[in-house]
Trainee: 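Dropping a structure here in C-alpha cells format, bear with me for questions.
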Amino acid sequence: MAVVSMRAHRRISMIGLAGLVLCFAWLLQLIVLSLIPVGTVLCSVPLMMTIVWGSVFGSPIHMPRAEELRHVSLGQVVAIQILSGSLSGALVGAFFGALYAALLPVFPFCYPLIGWIAGYFPLRSINQGILLIVPLVLLLTVLAESLMAGQLYILHRPDVFSHLAQVAIPEAIANALIAPFVFYPMRTWYEFTKAPAREGGQ
C-alpha cells in the first residue's frame, strides 16, 4: 500500500511540475510578445514546447513483427501506426490552444494535432536527437502555421495566405534555434522520471 501511495505521490508531483513548466512557457510567450513590435513574429514558445514535448514524451512507433503481420490485416497495422502518436503532446497542445482562444478568435486546432504528430518522432532515445529536433521543429512549425492560416481563411480572413511566409518562416527558424535548449533538459527530465520505475522492476 505504501508503494502505491509513493507512486501516486510521485505522479501527482510530476503532473504539478509539468503544469508549472507549461504555465512558465505561456508567461514567457506573453512577455516576449509584449516586447516585440506589432507585426513581427520572433518565436512561439508554446508551439515549440508542444513539438518538443510530443517528441520526448510521445510513444515510439511500434514496428509490427512478422508474426503479428500474419495475424492482422493491413488496415489494423495502419490503424496501430496512426494511433501511435503522442497523447501527452496532444494534451499539451490543447492546453496552449485553450489559452490562445482568449487571444485569437478561434481555437487553434493545429496545436493538439501537431503535438500528436510529434509523437511519431520519439527523439528521446536517439543519440543525435538534440540535432534532429531542429529540422523537426522547423517543419512542424511551418505546418502548424499553414493549418492556422487555413483555419483563419475559412473564417473569412483571405489575407492570411499572403502573409504566411513572412510569419511562418521567421517563427520556424526562431523555434528551431531555441528547441535544442528545451529538448535537452526535457529529455533529462524524462529519463529521471523513468529511472525509479526501472529500479523498482528489478
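Starting from 1, each residue takes its place in the sequence as its number.
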Trainee: Of all the heavy-atom pairs spanning M49 and A25, show the shortest one and how long it is.
Mentor: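 In this case the closest contact between M49 and A25 is CE-CB, 3.7 Å.
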Trainee: Measure the spacing between CZ of R187 and CD1 of I126 and express it to the nearest 0.5 Å.
Mentor: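 The distance works out to 9.5 Å.
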Trainee: Please find out if less than 6.0 Å separates the ring center of W53 from that of F96.
Mentor: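 For W53 and F96, the ring centres are not under 6.0 Å apart.
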Trainee: How would you list, by chain and number, every residue that makes a ring-ring contact (aromatic ring centres under 6.0 Å, His included) with F109, sequence neighbours excluded?
Mentor: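 Result, ring-ring contact (aromatic ring centres under 6.0 Å, His included) vs F109: F107.
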Trainee: Taking all heavy atoms of A168 and all of E145, pick out the closest pair and write down the distance.
Mentor: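 For A168 and E145, the tightest heavy-atom pair comes out as CB-CB, 3.7 Å.
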Trainee: Taking all atoms of both residues into account, what is the closest heavy-atom pair of A144 and I114, and its distance?
Mentor: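 Of all heavy-atom pairs spanning A144 and I114, the closest is CB-CG1, 3.7 Å.
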Trainee: Can you get from V21 to F192 by hopping between Ile, Leu, Val, Met, Phe, Trp and Tyr side chains that sit under 4.5 Å apart?
Mentor: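 Yes.
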Trainee: Work out which heavy atom in S44 is nearest to a heavy atom in Y111; give both atom names and the distance.
Mentor: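 Scanning both residues, the minimum pair turns out to be OG-OH, 3.4 Å.
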Trainee: Any non-hydrogen side-chain atom of P46 less than 4.5 Å from a side-chain atom of L99?
Mentor: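 No - every pair of side-chain heavy atoms lies 4.5 Å or more apart.
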Trainee: To the closest 0.5 Å, what do you measure between CZ (F183) and CD1 (I51)?
Mentor: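 Rounded to the nearest 0.5 Å, the CZ-CD1 separation comes to 13.0 Å.
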Trainee: Between CD of E191 and CE of M186, what distance do you get to the nearest 0.5 Å?
Mentor: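 Between atom CD of E191 and atom CE of M186 there are 13.0 Å.
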Trainee: Output, in order, the C-alpha distance, side-chain angles, deciding distance and verdict of side-chain contact (heavy atoms from CB on, under 4.5 Å) for W189 and Y184.
Mentor: CA-CA 9 Å; W189 179 25; Y184 181 76; over 6 Å; no
Trainee: Are V52 and I173 joined in one hydrophobic group, where the rule is that I, L, V, M, F, W and Y side chains link up if heavy atoms are under 4.5 Å apart?
Mentor: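 No, it is not one cluster - the side chains of V52 and I173 are not joined through contacts under 4.5 Å.
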Trainee: To the nearest 0.5 Å, what is the distance between CG (L164) and CG (L152)?
Mentor: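 These two atoms lie 10.5 Å from each other.
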Trainee: Output all residues satisfying ring-ring contact (aromatic ring centres under 6.0 Å, His included) with F181, sequence neighbours left out; order by chain, then residue number.
Mentor: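 None.
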Trainee: Quick one, V56 and L123 - any side-chain contact, counting heavy atoms below 4.5 Å?
Mentor: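 Result no, sub-4.5 Å side-chain heavy-atom pair not found.
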Trainee: Answer with yes or no whether the hydrophobic clustering places I169 together with V167; edges join I, L, V, M, F, W, Y residues whose side-chain heavy atoms lie under 4.5 Å apart.
Mentor: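 Different clusters: I169 never reaches V167 through Ile, Leu, Val, Met, Phe, Trp or Tyr contacts under 4.5 Å.
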Trainee: To the nearest 0.5 Å, how far apart are OG in S146 and CZ in F161?
Mentor: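 The distance works out to 7.5 Å.
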Trainee: Measuring from E171:CD to C43:SG, what's the distance to the nearest 0.5 Å?
Mentor: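 The distance works out to 7.5 Å.
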Trainee: Can you give each donor-acceptor pair under 3.5 Å made by side-chain atoms of residues 131-142, sequence neighbours left out, with the distance rounded to 0.1 Å?
Mentor:
from	atom 1	to	atom 2	distance (Å)
T141	OG1	V137	O	2.7
T141	OG1	N175	ND2	3.3

